[in-house]
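The block underneath contains the structure these notes are about, expressed in structure tokens.
Position 1 is the first residue of the sequence, and the numbers go up from there. Any value given below was found using the heavy atoms of this structure, including those in side chains, with hydrogens, waters and symmetry copies removed.
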Amino acid sequence: ARVVQAAAKTIQVGEQFDVGAMQGPQVDDIQFKKILNYIESGKNEGATVATGGNRIGDKGYYVEPTLFTDVNDDMKIVKEEIFGLLESS
């Protein structure tokens, strides 16, 4: 998990045309809020956020790449397709 955590911290977030950006913003406010709700759901169900999990800045729909630990197969973040950069280990 530590290797994945270290790798997640190196993911550069930015505009789609920014050189080096590996992750862009969510497409709209609906998807942005959906991603943040999944992160909260994971925490509420007992998963631990090892890195990320927060909004980036106050403009746009950017969310930090998020890595969860202490995840089990019954959690919503495992069962449903999120379409955001969330990872569990």
Side-chain angles (χ1 to χ4, degrees):
R2 290 185 183 162
V3 172
V4 176
Q5 184 177 2
K9 289 181 179 183
T10 67
I11 296 172
Q12 185 175 346
V13 180
E15 293 288 331
Q16 63 186 9
F17 298 113
D18 286 352
V19 175
M22 298 171 70
Q23 175 186 324
Q26 299 305 307
V27 69
D28 58 24
D29 190 56
I30 294 169
Q31 185 65 19
F32 174 74
K33 288 177 180 173
K34 184 176 178 182
I35 297 297
L36 293 178
N37 285 333
Y38 273 111
I39 293 168
E40 286 305 309
S41 173
K43 291 192 269 185
N44 290 338
E45 291 182 333
T48 301
V49 175
T51 190
N54 299 301
R55 177 182 191 149
I56 298 173
D58 58 359
K59 295 180 183 176
Y61 305 118
Y62 296 94
V63 179
E64 294 174 327
T66 304
L67 173 67
F68 284 102
T69 58
D70 306 314
V71 176
N72 66 58
D73 291 341
D74 296 325
M75 292 179 174
K76 182 177 179 179
I77 60 172
V78 173
K79 290 181 175 182
E80 297 183 16
E81 219 167 332
I82 297 174
F83 292 108
L85 195 52
L86 304 179
E87 181 69 36
S88 63
S89 66

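Criterion: ILVMFWY side-chain heavy atoms under 4.5 Å apart, direct or through other members. Under it, Tyr38 and Ile56 are not part of a common hydrophobic cluster.
Shown here for Val19 and Gln12, the closest heavy-atom pair between the two residues is O-NE2, 3.9 Å. The two residues Lys79 and Asp74 come nearest to each other via the heavy atoms CE-O, 3.5 Å. Nearest heavy atom pair, residue Tyr62 against residue Val13, reads CD2-CG1, 3.4 Å. Residues Met75 and Gly46 come closest through the heavy atom pair CE-C, 3.9 Å. Across all non-hydrogen atoms, the minimal contact from Thr66 to Gly53 is OG1-N, 2.9 Å.
The list of salt bridge (charged side-chain N to carboxylate O under 4.0 Å, His left out) pairs with a residue in residues 10-27, not counting sequence neighbours, is empty.
In this structure, CD in Glu45 is found 8.0 Å from CG in Asn72, a value given to the nearest 0.5 Å. Between the CG atom of Asn37 and the NZ atom of Lys33 there is a distance of 9.0 Å, given to the nearest 0.5 Å. Distance NZ/Lys34 to CG/Asp28: 10.5 Å, rounded to 0.5 Å.
Residue Lys43 qualifies as enclosed at atom NZ: its count of foreign heavy atoms under 6.0 Å is above 12.
Looking at Glu64, its side chain does come within 3.5 Å of a backbone N or O of Asn54 through a donor-acceptor pair.
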Side chain to side chain contact (heavy atoms under 4.5 Å, CB included) evaluation trace for Ile39 with Val63: CA-CA 10 Å; Ile39 293 168; Val63 179; 3.9 Å; yes
Leu36 and Glu40: CA distance, side-chain angles, deciding distance, side chain to side chain contact (heavy atoms under 4.5 Å, CB included) verdict: CA-CA 6 Å; Leu36 293 178; Glu40 286 305 309; 5.9 Å; no
When you look at Phe68 and Val49, which way does the side chain to side chain contact (heavy atoms under 4.5 Å, CB included) test go after all the steps? CA-CA 5 Å; Phe68 284 102; Val49 175; 3.5 Å; yes
